[in-house]
Structure formats: C-alpha cells, structure tokens
Amino acid sequence: MIRGKVHKFGKNIDTDAIIAAKYANITDPLELGKHCMENIDPDFGKRVEKGDIIVATTNFGCGSSREIAPVTIKGAGVAAVVAKSFARIFFRNAINTGLPLLECAEVVDTSDPGDTLEIDLSTGTVRNVTKNLVFSAVPYPEFVTELITAGGLVESVMKKMSRGDKSSGP
Amino acid sequence: MTLAEKILSAHAGRESVKVGEFVNVKVDMVMASDLTAHIAADQFERMGAKRPFDPQKVVFVMDHFFPNKDVAAAEQIKRLREFSKKHGLLFVEAVDGGIEHVYLPEKGLVLPGDVVVGADSHTCTYGALGAFATGMGSTDIAVAMVTGEIWMKVPPTIKFNYQGKLPPWVTGKDLILYTIGRITVDGALYAAMEFTGEAIEELSMDSRFTMANMAIEAGAKTGIFAVDEKTRTYVAGRSTRPYKVYTTDSEADYASIIEYDVSKLEPQVAVPHSPDNVRSISEVSDIKVDQVVIGSCTNGRLEDFEYAARVLRGKRVHPDIRCIVIPGSQEVYLAALQAGFIEVFARAGAIVGPPTCGPCVGGHMGILAAGERCASTTNRNFIGRMGSPRSEIYLVNPAVAAASAITGRLTDPREVVDR
C-alpha cells in the first residue's frame, strides 16, 4: 500500500524537466533524485518525502527516451505517478524500472498539493484520504501486468532464457 | 493495413496485425548513444548474455557528449569502446563518425521496410526511408540486443496530407513545426504519423529526415513516409542489402486523416518553452537572440547547410552573436567543404564544430546563460534544454537561423537574401 502526499504538476512534464541531460552520466538513483524537477521546481528534491506521489495532467514524461527519468523520480523517493496520460517511451521505461504509473483523470482533477493519497497497486484503487474520495485507475494491459509480476522486462526475459524460450514478448 | 502495420506484421511473423495488439517484433538494427548505451550494457551483462543476437545489427554511436565533454563522459565512452570491441558491435566514434540519426541512414545501415529500435527518442528519423523506427529506453534496447526482438503495441496511423507547393525558404522543418503547432505535443500520442501529399512528394530526403525526426515531439511512436524514387536513389549507393518496400492499402483504416494546404506557409518558429508553441516568422521578427545553432540530427545535413550558406554567402555574423555550425557527420562535413559551404561559414564569422549533438541536449559546445536566447535548428525547446533554466530556445529552419545570425534577431531569410 502506497501512502503519501501529493505534489502537483501540469501538462507535458518533459524528461529534461524531470532530470536535465547534463546528469545523464550519474548512475546512483539517490544522487539523481536530488536533481529531480530542478529546472521547473528547484525545491522539489528537498520537499519530497519518501512515499510521496506525483500527480500531473497530460503527456507526463514527454521528450527524451532516457531511462534515468523514472529512475530519478524513484530516487527522489516518489512512490507512484498518477496522471491523465503518459508519454509512450516514459511509460515503457517506468515499467522496466519499477515505477508505478496510474492513469486516472478523476484523481488528477480532485487532488490538491498536500492531499494524502493511498494507492493499492494490486487493485488500482486510489483513495484521497484528505477528501475521503475513492477512484479506480485504468488497469494495465494484461501483457504489461505480466511483465510487472515477473519483476520487469529483464527478469521476464531471464526467466524465459532459463526455460530455453528465446522470445522476449507476448 | 497501413504501411506501419504491414512492417510490424511482417516482423512479427504474422499475416496481419490489429491496432492495439501487443506483438513481438524482430529488429533489423538496434542502436544506443553514449548517453544510453552504458545502461544497456549493464543490463546486457546482468542478463548473463554472452553475445548479442547479431553483432552486425547492433551499433553504439558516440555523439551526445562527444568529443569527450569531461572526465565522466570520457570514462563512459571508454567503457563502451571496450564493450563494443569485446562483443564485435559496430562502434561509431571519431573516425568518419557522426550524429546517430544522420550517420545510420547515410551509411546504409537502415533500409526501407526495416524495424529499427534505438535508445534515443529521435530514432523515429529513419521513418523517412519507409522503415518502422522508434525510440525506447536502455533496458528495452538491451533486451533487443540479446534476443533480436522487442515487444510493441501496434500503433494507430494518422494520415497527414500536405497539399500545395511549398513556397521558397519553407522546408520540411517548417512543415513539421506547423503540424506540431496544430496538433500539439501529444496530438499524435502513441500513433504512427504517415506523411503524404504533393508537398511531401516534392521534399528531398534531407527534409523528410527532418520531418520524421520530430514526430516524437507530437508524442508519436514514429513518423513514416512511403518509399518512392527519391528513397531508392538515396539508398542505392549506400547498401547492397536487399530490402522490401511496403505500401499502405487503399482501403486501410486510419485513426484520422488531417489535411493542410501549405502553399501560403511562411517559415515557422517554435517559441519557448514547447515545440508546439509555433508562430510564423513574421509574428516574431523583433526578438533578439544571442546565439544561433545550425546543426543536429534534425537539420545537420547537406541541404540544411546549403540553405544556410545561401543566406550567409558574402555576409557577416552580427558582432553580438555566436553562430555555431555543426555538421551532422564527417560525410556531411566533407561534402559541405567540397561545396564551399564551410568557407562561406568561416568567412562570415561562424564557428564550425565537429559532428556532435552538443548544445541541442545542453551538453557542451554552446550552452546558454540565464537571460540568453538561441535561434536553433534543433528539435526541443523545453525549459533548460540548452543550459540555464532561464534561457530561451526558438526552433527554426536553417535559413531562418542563418538570417538571424546576420541581424541579431529572428529574421525571415527574404529580408537578408539578395534577389
């Protein structure tokens, strides 16, 4: 169960905002996390507490394909991102790096900064504790759920490789 | 099926595929850059892989922080050089190198009908060749390196039909900026953008690469063009590998069809801080700039330098401006040299650099201070993209960039070019 405070962002939060390219050679997630959202919200890295939740509107994670974007968000301590829509490369990278993404317009429309949310990933249920509201996020496609259950794409592939199955997908 | 669906279907070993289906697709080329290959290499090793599925189909291109920007970049690149050598991968660096999305097509590494995945969002550039090319993260790329396959969700195709004849000085860059301005940065989310119409048929390959390159800025999975004589001619001298040409069925289902009449279009400008914040040049002509960048995977090809040289010939860069010209590859640099373009730039007072992504990604070779503005032929102008979060980037075509370098403000090329 995830439980944390809402940090609210708008539309088109791009990967250069999430983590500037100049940090692309850093590999330590905690180090990256310190620079999360630096260009658009310089205090974010200091304000965010472990388990907090980012809530954004449309096209979250647009721009670059750099996988350090979801890694940085996790490194900052964020437990999940709830948005109306996600950019497609960011979506894949989040699955691969274990950052939960939930698509739920109602949560976005009704959440304010500082609200406490509780998220049950197994059911996709999001509860706004502050306002006493409950919503259901759009479920992941089955194929994606299988990947997540396996522990990620690499883990899924490794399991298949050890079974002698050469394919990496559905 | 559309062109995009046909390519995916063929590579998934299927008779046909439906939009929204998850399929496993065989890849013809897998690519990563110096910014993304190290994570791919880590994952490759973590999987316990002993060799890539086909070393000739994996290429690491050193371009973003290249030539080595600092010690961290140098060490990253050294590691990748050793990894590539160990596994027999194609490794592109100093000798006859270039920016990945300029280099791969010019060396015949991508052909029509191919599926290409790259750990860089502008991998969609190769759609200009009638290939299905898309960007992914390092982990996906590592899996493709090991297995030769990757999962994809079949995207819907949006048809863009550009009618009319392009006016002078209006290029592929302007067409794609205009389009992104109309549909916004998520207007083609998860879709394949199919570029068609009489204006497209007239476009050179260089302009097509520019358009396909920026499909990602509309949120698209890829941008794609039909194969025609221009494509075949381009490919002819560059590869002897046989290739397959797919075409969209006449009764294919598009998610939507969008038509534009481009016969009266002006050069376009994406103003801060989003690629969809697009204006006509006449609306922004009094904005002063401090730097001009002509280059990148978007506009670092010979036609782009031809435009810039036409504007700069016999003129001088404004004394307050840094005009940085970056050829997209060694091949482009040589051709520009032979055509006399490099001399035009040097005599004008522009700085000509080595092939690199450089300032486009805020790495090196032209970073902006707070309060500075750059007119740039690159592809993104998000906050902080080229340096200080208090700097501004205006995305333009090469002729506008060159004209702006002369006057010190955003300028229509017609204002400075002698008739």
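No hydrogens, no waters, no symmetry mates; every other heavy atom, side chains included, goes into these values. Letters A, B, ... mirror the listed sequences (proteins, then strands); counts begin at 1.
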Side chain from CB out, backbone as N, CA, C, O: work out which of these in B:Ser388 comes under 4.5 Å of a heavy atom of chain A, or both, or neither.
neither
Chain B shares the most heavy-atom pairs under 4.5 Å, among A:Thr97, A:Asn96, A:Asn93, with A:Asn96
Let me know if B:Arg46 has heavy atoms under 4.5 Å from chain A in its side chain, its backbone, both or neither.
both
Ring centres under 6.0 angstrom apart (A:Phe86, B:Tyr190):
no
Chain A heavy atoms under 4.5 Å from B:Val146: which part of the residue, side chain, backbone, both or neither?
side chain
Under 4.5 Å heavy-atom distance to chain A, tell me which part of B:Ala119 shows up: side chain, backbone, both or neither.
backbone
Which distance, rounded to the nearest 0.5 Å, do you find between the NZ of A:Lys84 and the CZ of A:Phe60?
15.0 Å
Are the aromatic rings of B:Phe132 and B:Tyr126 close, with centres under 6.0 Å apart?
no
Do the rings of B:Phe65 and B:His364 sit parallel, tilted or perpendicular, given the 30° and 60° boundaries?
perpendicular
Max heavy-atom pairs within cutoff under 4.5 Å with chain B, candidates A:Glu38, A:Lys11, A:Glu155, goes to A:Glu155
If you take the centroid of each ring, where Trp contributes its six-membered ring, are B:His273 and B:Phe382 closer together than 6.0 Å?
no
Looking at B:Asp42, B:Thr36, B:Thr184, B:Asp120, which has the largest count of heavy-atom pairs under 4.5 Å with chain A?
B:Asp120
What residue, out of B:Val185, B:Thr123, B:Val361, has the most heavy-atom pairs lying under 4.5 Å from chain A?
B:Val185
Check: A:Asp16/A:Asn39 side-chain N/O donor and acceptor closer than 3.5 Å:
no
Structural part of B:Ile383 lying under 4.5 Å from a heavy atom of chain A
both
Part of B:Ala144 within contact of chain A (heavy atom distance under 4.5 Å):
neither
